[in-house]
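Encoded as structure tokens, the structure appears first; notes follow it.
Every chain is numbered from 1, with letters handed out A, B, ... down the list of sequences. Since the model is a prediction, treat every value here as computed from it, not as a measurement. Just so you know, these numbers use all the heavy atoms, side chains as well, and skip hydrogens, waters and symmetry mates.
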Amino acid sequence: MLFSEFLDFIQADKAGPNGHIQASTAEPTAVIGASLSRVDGPLKTTGSARYASDYNFPGMVYAVPVGATIASGKISNIDTSVAEKMPGVLTILHHSNFDHVYRNASGGRNSEQRPPFEDDTVYYWGQYVALAIAETFAQAQAAAAAVKIAYTPEEFSVATDLSDPMPAIGAPGGPRILSHRGDPEAVFASAPIKIDYTYTTPAETHNPMEMHATVAIFDGKKFTLYESSQGVMNHLNVMSQVLGVPKENVEVISRFIGSGFGGKLFPWPHSALAAVAARRLNRPVKLTLSRKMMFANVGHRPRTQQRMRLGATPDGKLLSLSQDYRNHTSINDDIRENCGEATPFLYSTANLQVSSALVRRNVGTPTPMRGPGAVPGLFALESAMDELAIKLQKDPVQLRLSLDTLTDEEKNKPFSSRHLKECLEVGSKKFGWEKRTPAVGSMRKGDLILGWGVAAASWSAGRGISEASVSLNVDGSARVSSGSQDPGTGTYTVIAQIVSDKTGIPVTRIQSVLGSSSLPPGPTSGGSTATATIIPAVAEAAVNAIKVVLTTAGSAKGSPFLGKQPADLAMSSGRVHLKNQTPDSGVPFQEILKLANLGSANGEGKTGGYGSDTDGKNFSSHSFGAQFVEVEWDPGICHLRVSRVVSVVDAGRIINTKTARNQMAGAVVMGIGMGLLESTTYDPRNGHPINDNFADYIVPTSADHPEIDITFLDIPDPMIGEYGARGIGEIGLAGMAPAITAAVYHATGVRVRDLPVRVEDLITSTVAI
Amino acid sequence: MDTFTFTQPATVDQAVQAAAKSATAQQGAQVRFIAGGTTLVDLMKLNVERPREIVDINILPLDRVELNAEGGLIIGALARNSDVAHHPTVLRDYPVLSQALLSGASPQLRNMATTGGNLLQRTRCVYFRDTAHACNKREPGTGCSAIGGHNRMLAILGTSKDCIATNPSDQNVALTALEATIQIQGPQAKRSVPIHDFYLVPGSTPNRENVLEPGEIITSVTLPSPIAGANFTYLKLRDRAAYEFALASAAIVMKVSGGKIQHIRVALGGVGTKPWRSLEAEKALEGHSPDRATFVRAAEAALRNAKPASENAFKVELSRRCIVRALTMSTKSA
Ligand SMILES: Cc1cc2nc3c(=O)[nH]c(=O)nc-3n(C[C@H](O)[C@H](O)[C@H](O)COP(=O)(O)OP(=O)(O)OC[C@H]3O[C@@H](n4cnc5c(N)ncnc54)[C@H](O)[C@@H]3O)c2cc1C
Ligand code: SF4
């Protein structure tokens, strides 16, 4: 999905905002930007946070799916005779005995359009072909293993080379042109300096710690679905359509999520399997995916193949930039990885083209994974920039600085807040870049060779529509709620900070409630938009709740402010006081509520998308960053290690430096994984993602990453909303892989254009100590 | 659902009797001992091991680490990998074993894993571990999916046309360089098998991995008396820095005197179908001066017969570098 489509999606199918509210220009209090531990931290560290599969109910049974062992073909026979007679087995469901489930047409985004068990066709290895349900998990697992399925296999492909024949760019059915200006073909052809390389990134699997899971309950009318979901509202919208029931008959609960990285944005077929099973058996059903299924059934970052052509003058002017890319997608779904997200605006050039094509493979449906599109796209763009700098014999930081622009040349709009230049400059300084000597293998540290690499980063800034509710309670506490969720990023904490900022009630006395579709509709946690989307709604709800308190203060019998207009009053430090006086001159807000015998003062917030309360539509809003990486290279044993990372990020205002840093550090580690380790490998003979476990799909351990130096520029973006916070989930990963491969080249002389960097690549290095 | 009986014999003899009912002690065994369980339970969950009876040996008195009459070290089969790795005698006289153990798995696993269980850990070949695929080791005669498949981690030495699976252990590479002897008790007799003869190369029977017969239990591993003045190195190269099996490793025991290599044992990990003792490398080193040219010759000798598969040709060069570096490290006393 293109990011712009994601933005459309998060803004769609929801009622519009309450009306135009004027963004406050007042400086926030010190709670904004504080380094606060997560409010849900103690629940998590004590094991009392309940994740989807932690829910147990009387009479609950277990469902275990059976995955196809072919990548394409027809199911010719399903023999459940043995499985059905096994101890504890209740039923085996499959395409010939499943309830009717539907596709969803609009208002919500599903991941696989084809409902589970729709017919007897298999499109990818591991596709669910049956579901065993039994009294215990072990019984269900054993029954699933005993279901015998016969297939009529058909031709398939999981080929990694995506150079399939294709109509010309722009022709019907051919690659789509996503961005175009000037005449990049002709200008490139005559450019004095040319870079023309193809970069590839492998399929990657999200692999959050917590497996996907659904615990489904059907009470005869209503479904309650305990999910691990990055979007409870979307999940509700989709599942009501899939199950063919009205929205009020579905509730989705996702209080805690063991992360998702995008893999849990949209519902996956197991949710419908569990729901239908619960309805069929009239018992609660728990369905937890295995790690193996995580690789086949719940999405992945698709493989990309990107041809980059850069035309330049010898003094480093970028004459043309073309990115013609392809990504694989599944047989049934068109998932376009937006690899050209940052390409049209990152650097100044008059001639540009981004084109995109889809190549079908017999794999599960891809889905956004942290920094979808931009992250693999920037690997290609920033690698090509590094190669251009080398060809021009220019410093790669200087080259980027010289091509910086404060105008989005695609949209012809100024950036709302672009500080890529500062990111590069601050990063250079912190890293000590001026000490870099450009020749390959020229830098030493004892017996090791050092390589230094840099890359720029970018990620779109978006904001959708959101609602939120705030109540200020007579016991002096507050409660804030929204139908959003916290996938481990800190949303619980951030919304409490906003309420604290507005009311002065300490964060420790604010209860944050998220993770249920019965709450006022809140944002999906995706695209780094949740913070920017939810905080204006929370702020508005808090302001509205305060208004109730202030109105009450002016009217309640016995109030010291009797007769005052709300406009004369203010609430800060949790106290109501005259606007022109200090908080300690006033009274605690709960005293006012007591006087009027009110249990709470409630406020609702309902805010619009990007530009609804600012002049944002006239600006282009993006986050930026710069990644500096040092690798240590020991050629004698072909050993490479990332030894230093300096990461500088321009993501608008930072609401909570601790949770933000946590996001960034995690993203940097993920970047080391992307650069050096991760790749989902499909066996070309059968289509099985063959390294479908944590021993064979390796991610970095603590020993694989060095100290990570993170800097936030912390410059508010005036166009994103009141607080100027753009959100930071994905930007930290952007640019990491190309900075690593640039450092690898600097150390080893080996240019890796096909991720990840492996021993196989490094062993060809001729650099010696 | 696979059900099994679980017994906890009080003596070694009883354990042996219980296991003697099995038709084989190799792949497909109907009775299995359980020690730390970190290999066995894992493979049972994958339906790769399906024993009908599990004999828990954890209460047997086989966890001692002690000196024998000849000044060698007896390591009980149930001594945990962590305990062995931190044992003062091991650290002083056989540090290569400690290094190897600590390079493997994770602290949690090493706290569970035992010396005997580690000796018998199974290959990490992805096709062996997934019953959806053909595998001669798991089901003799079905074919080898790894040949022509995902074989990056697999062996380049000692392979056959029927199996190219690596023995993944680190411990066993060090034990090979230390010339350990495996003490075995069977239904009829006890026997001692030098580690070099304990493992089998796959040939046409990859399901047979070692010389154990039904009922036979490993009681201990003995190390010969320490070699005074020797240097020890275990070097492990892998894709990530921790919690990962070797792409190539080398265990070296080397003693230099008068400028010549007097005693040398070279064992390789990550590249062989069994813990790989390289007599060829040892021959190229023994009596020669410990210099780079000699080391390079030895490494080349060790890998002369290497037969890489479709994805692991890089291992030949990587193992070569690993050997040269490990030998170089062994010239510097710790
Ligand atoms: C995630 C993971 C990572 C790992 N990484 C590494 C690594 O990097 N390097 C490495 O070397 N290893 C690694 N290992 C393997 C680990 O070292 C072995 O699983 C462990 O040593 C096995 O010991 P155990 O006592 O748990 O064996 P068990 O699982 O109890 O037994 C294994 C086998 O040995 C048999 N057995 C056990 N004791 C005896 C005995 N006394 N006599 C006869 N038969 C016996 C059992 O019947 C069984 O067949 C890893 C394992 C895991 C799960
Ligand atoms: S290499 Fe050995 S273990 Fe792996 S599939 Fe082939 S026969 Fe089985």
Side-chain angles (χ1 to χ4, degrees), chain A residues 67-70 83 86-89 125-126 134 136-143 145-146 290 292 634-642 672-673 676-677 681-686 688-705 756-764, chain B residues 1-3 42 45-47 50 103 105-106 109 124-127 129-134 143 145-153 168 235-245 247-250 292 295 308 310-326 328-329:
Chain A
T69 53
I70 59 166
M86 290 171 70
V89 174
W125 174 284
T136 71
F137 177 61
Q139 289 168 336
Q141 235 183 352
S290 62
K292 190 181 174 71
D634 184 345
I637 50 170
C638 198
H639 182 255
L640 185 96
R641 178 182 149 74
V642 173
I672 294 173
L676 303 180
L677 302 171
T681 308
Y682 298 87
D683 189 322
R685 302 164 305 175
N686 47 48
H688 179 181
I690 197 69
N691 54 343
D692 54 1
N693 61 77
F694 265 165
D696 294 295
Y697 183 97
I698 57 174
V699 297
T701 63
S702 301
D704 289 285
H705 58 83
V757 177
R758 291 180 173 232
V759 174
E760 289 90 317
D761 303 306
L762 299 174
I763 211 149
T764 63
Chain B
M1 188 166 36
D2 284 351
T3 51
D42 188 24
K45 287 189 194 166
L46 297 170
N47 287 335
R50 315 185 79 156
S103 76
S106 65
L109 282 158
R124 302 294 308 191
C125 173
V126 290
Y127 302 99
R129 292 170 58 83
D130 194 321
T131 56
H133 300 285
S145 299
I147 296 174
H150 188 48
N151 52 39
R152 181 174 182 269
M153 296 293 290
L235 178 64
K236 178 175 180 180
L237 304 181
R238 46 185 155 176
D239 285 315
R240 69 177 169 191
Y243 201 22
E244 168 75 342
F245 291 93
L247 288 170
S249 73
R292 191 177 160 82
F295 297 162
S310 52
E311 291 183 343
N312 63 8
F314 73 97
K315 277 195 173 186
V316 181
E317 175 60 17
L318 190 68
S319 177
R320 196 186 70 81
R321 292 191 199 184
C322 184
I323 297 167
V324 172
R325 175 65 63 86
T328 310
M329 289 163 73

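- The shortest heavy-atom contact between A:Thr69 and B:Ala132 is CG2-CB, 4.2 Å.
- Counting non-hydrogen atoms of other residues, nucleotides and ligands closer than 6.0 Å to CZ of A:Arg685 gives a total above 12.
- Judged by distance alone, the side chain of B:Arg321 and the main-chain N or O of A:Pro635 form a donor-acceptor pair under 3.5 Å.
- Heavy atoms closer than 4.5 Å to chain A are found nowhere in B:Asn312, neither backbone nor side chain.
- Proximity to chain A (any heavy atom under 4.5 Å) is restricted, for B:Glu244, to the side chain, taken from C-beta onward.
- Among the candidates B:Arg124, B:Lys315, B:His133, B:Glu311, the residue making the largest number of heavy-atom pairs closer than 4.5 Å to chain A is B:His133.
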Q) Where do B:His150 and A:Asp696 land on the side chain to side chain contact (heavy atoms under 4.5 Å, CB included) test, with the steps shown first? A) CA-CA 11 Å; B:His150 188 48; A:Asp696 294 295; 5.6 Å; no

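- For the set A:Arg758, A:Gln141, A:Arg641, the entry with the most heavy-atom pairs within less than 4.5 Å of chain B is A:Arg758.
- When heavy atoms are compared at a cutoff of 4.5 Å, A:Ala695 approaches chain B by way of both its backbone and its side chain.
- When heavy atoms are compared at a cutoff of 4.5 Å, B:Ser145 approaches chain A by way of both its backbone and its side chain.
- Per-residue heavy-atom pair counts under 4.5 Å with chain B were compared for A:Ile637, A:Val699, A:Thr701, and the maximum is reached by A:Ile637.
- In this structure, CD1 in A:Ile690 is found 4.0 Å from OH in B:Tyr127, a value given to the nearest 0.5 Å.
- With a threshold of 4.5 angstrom between heavy atoms, B:Leu318 approaches chain A through its backbone and through its side chain.
- Neither the backbone nor the side chain of A:Val89 comes within contact range of chain B; no heavy atoms are under 4.5 Å apart.
- Separating the OG1 atom in A:Thr764 from the CD atom in B:Glu317 is a distance of 10.5 Å, to the nearest 0.5 Å.
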Point to revise | Working for side chain to side chain contact (heavy atoms under 4.5 Å, CB included), residues A:Asn691 and B:Val126 | key: CA-CA 7 Å; A:Asn691 54 343; B:Val126 290; 5.5 Å; no

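- Neither the backbone nor the side chain of B:Phe245 comes within contact range of chain A; no heavy atoms are under 4.5 Å apart.
- To the nearest 0.5 Å, the span separating NE2 on A:His639 from CZ on B:Arg325 amounts to 10.0 Å.
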- Task: Please lay out, stage by stage, how B:Arg129 and A:Asn693 fare under the test side chain to side chain contact (heavy atoms under 4.5 Å, CB included).
- Result: CA-CA 11 Å; B:Arg129 292 170 58 83; A:Asn693 61 77; 5.6 Å; no

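- Interface remark: A:Asp683 contributes side-chain atoms only to the contact with chain B (heavy atom separation under 4.5 Å).
- Scanning all heavy atoms of the two residues, the minimum distance from A:Ala145 to B:Asn47 falls at CB-ND2, 4.1 Å.
- For a residue to count as touching a neighbouring chain, one of its non-hydrogen atoms must lie under 4.5 Å from one of that chain's; by this rule A:Asp634 touches chain B with the side chain only.
- How far CD1 of A:Ile763 is from CZ of B:Phe314: 7.5 Å, rounded to the nearest 0.5 Å.
- Atom CZ in B:Arg240 sits 12.5 Å away from atom CG in A:Leu676 (nearest 0.5 Å).
- Using a 4.5 Å cut-off between heavy atoms, A:Leu677 touches chain B through its side chain atoms alone.
- Residue A:Tyr682 does not touch chain B at all, counting heavy-atom pairs closer than 4.5 Å.
- Heavy-atom distances place the side chain of B:Arg152, and not its backbone, under 4.5 Å from chain A.
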